[in-house]
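Inspection log for the structure reproduced underneath, given as structure tokens.
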Amino acid sequence: NWLATAQWAARLHPNGLLADVGSATTGLIELADGRPVSRGFTDAERLRYQELVYTGIARTPLMALANTVPWQGEWVGVMAEHFATTADVYRLTGELPDHADQLPTADNGDKTLAASARRLARLIGCDGDSESLADLRKLAHYFRDRQLDLIQKAWSRQLSTGDLEADCSVIGAGAGRFLVQELATRMGHPYQDIADLFPPPRTPGYPTLADCAPAAAIACLLRLTP
């Protein structure tokens, strides 16, 4: 529950922006005076105000991020087919947490570096087995940049409300919070990992509390309920 995550974060970090990047979606919630400040509550309302952006690090089809890409010195069209997802991108960049990729791949194939490279190649009409892995990694980074741009655009809209300082702290949550940390640096914000706002787990493991922040936040809030 996004609201529980925001309520817990606001108790310990009263002012800032909570950015939760998961496998399929990104949530952006302002925190002010120790409470979440959201213009939307339902998914429809949150989408309208870009407090919910349907993009994540595993399940997003790559055709949703770009319709043309730079490829070997040319701009090439992207096939409007469900051939590859962001899980393939972050597998190629080496950033994909294993526990974040729980659904079958776009072609029901393997979750390997070679298979992800083939799926990216297919998206632009190429044979992955005959293309260089270095070129396909460059392509993955291009899709990564387009996803960062999409999140940054929504982030900038939240800051434009004037409710937060331009250099407010940002709390990163979710399996894709490495993107939040990068955007915070890019935009000049202090970064706080939500993992630091939870008690240390008795049994460390994966996924971490920060990866399943809504469940952890509900548990923490219930402990405080009389």
Side-chain angles (χ1 to χ4, degrees), residues 2 5-6 9 13 16-31 46-47 49-66 69 78 84-103 105-106 111 113 116 119-120 136-160 164 166-198 206-214 216-217:
W2 63 270
T5 307
H13 213 294
L17 180 68
L18 173 66
D20 186 344
V21 181
S23 63
T25 63
T26 294
L28 299 168
I29 305 103
E30 294 181 14
L31 310 175
R46 295 180 68 218
L47 283 167
Y49 297 118
Q50 287 190 297
E51 294 171 343
L52 174 64
V53 185
Y54 243 86
T55 194
I57 64 162
R59 294 164 52 188
T60 303
L62 295 188
M63 61 180 173
L65 298 180
V69 295
V78 170
T85 67
T86 44
D88 296 309
V89 163
Y90 293 108
R91 189 173 289 111
L92 284 167
T93 65
E95 297 169 297
L96 180 69
D98 290 337
H99 58 272
D101 185 23
Q102 299 181 3
L103 294 182
T105 63
K111 295 181 179 182
L113 193 65
S116 285
R119 285 188 285 271
L120 251 71
L136 289 167
R137 278 195 164 123
K138 290 178 185 177
L139 181 58
H141 277 282
Y142 182 79
F143 279 111
R144 182 187 189 278
D145 287 343
R146 299 292 69 75
Q147 187 171 47
L148 279 169
D149 290 344
L150 189 63
I151 297 170
Q152 182 175 347
K153 183 178 179 181
W155 183 324
S156 296
R157 177 174 177 175
Q158 306 315 315
L159 293 177
S160 75
L164 295 172
D167 60 349
C168 68
S169 294
V170 173
I171 301 95
R177 62 191 182 279
F178 59 90
L179 295 180
V180 180
Q181 185 171 12
E182 181 170 334
L183 278 174
T185 300
R186 178 191 292 187
M187 298 181 69
H189 296 275
Y191 175 76
Q192 170 83 62
D193 196 297
I194 201 169
D196 299 331
L197 304 185
F198 289 117
Y206 293 96
T208 67
L209 292 181
D211 296 324
C212 50

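On a predicted model such as this, the values are computed, not experimentally measured, just so you know. Hydrogens, waters and symmetry mates are skipped; everything else that's a heavy atom, side chains included, is used.
At least one side-chain heavy atom of L159 sits under 4.5 Å from a side-chain heavy atom of C168. Counting heavy atoms from C-beta on, the side chains of R186 and W155 never come closer than 4.5 Å. Using a 4.5 Å heavy-atom threshold, the side chains of T185 and Y191 count as separate. Annotation: side chain of R177 is in contact with side chain of D193 (closest heavy-atom distance under 4.5 Å). Residues I194 and L18 meet the side-chain proximity criterion, which asks for heavy atoms closer than 4.5 Å. Between K111 and T105 there is a side-chain heavy-atom pair separated by less than 4.5 Å.
Distance CD/E182 to CG/L148: 5.0 Å, rounded to 0.5 Å. With rounding to the nearest 0.5 angstrom, the CG atom of L120 is 11.5 Å from the CZ atom of R137. Taking NE2 of H141 as the reference point, atom OG1 of T93 lies at 5.5 Å (rounded to 0.5 Å). Atoms CG and OG1, from L197 and T5 in turn, are 11.0 Å apart once rounded to the nearest 0.5 Å. With rounding to the nearest 0.5 Å, the separation of CD1 in I171 from CG in L17 is 7.0 Å. Taken to the nearest 0.5 Å, the CG atom of L31 stands 8.0 Å off from the CG atom of L164.
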Worksheet entry | Intermediate values then yes/no, side-chain contact (heavy atoms from CB on, under 4.5 Å), L92 and L113 | CA-CA 6 Å; L92 284 167; L113 193 65; 3.6 Å; yes

Item to complete: Report the C-alpha distance between H13 and S169 in whole Å, list the side-chain angles of each, state the deciding distance to 0.1 Å, and finish with yes or no for side-chain contact (heavy atoms from CB on, under 4.5 Å).
Response: CA-CA 9 Å; H13 213 294; S169 294; 3.3 Å; yes

Practice prompt. For D101 and R91, run side-chain contact (heavy atoms from CB on, under 4.5 Å): C-alpha distance rounded to whole Å, both residues' side-chain angles, the deciding distance at 0.1 Å, then the answer.
Written response: CA-CA 10 Å; D101 185 23; R91 189 173 289 111; 2.3 Å; yes

Worksheet entry | Working for side-chain contact (heavy atoms from CB on, under 4.5 Å), residues L179 and Y90 | CA-CA 11 Å; L179 295 180; Y90 293 108; 3.4 Å; yes

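Atom CG of D196 sits in a crowded spot, with more than 12 heavy atoms from other residues, nucleotides or ligands closer than 6.0 Å.
The two residues A154 and V53 come nearest to each other via the heavy atoms CB-CG2, 3.5 Å. The minimum heavy-atom distance between V89 and A140, with the atom names listed, is CG1-O, 3.4 Å. In this structure, A84 and A106 approach most closely via the heavy-atom pair N-CB, 3.8 Å. Nearest heavy-atom pair across A66 and R146 is CB-CG, 4.4 Å. The minimum heavy-atom distance linking V170 with A184 is given by the pair CB-CB, 4.5 Å. The two residues G188 and D167 come nearest to each other via the heavy atoms O-CB, 4.1 Å.
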Between side-chain atoms of residues 54-64 and protein atoms elsewhere (two or more places apart, or another chain), which donor-acceptor pairs fall under 3.5 Å?
residue, atom, partner, partner atom, Å
T55, OG1, Q147, NE2, 2.7
T60, OG1, G56, N, 2.8
T60, OG1, G56, O, 3.3

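Between the D88 side chain and the T85 main chain, a donor and an acceptor come within less than 3.5 Å of each other. Distance alone, capped at 3.5 Å, is enough to place a donor-acceptor pair between the Q158 side chain and the Y49 backbone.
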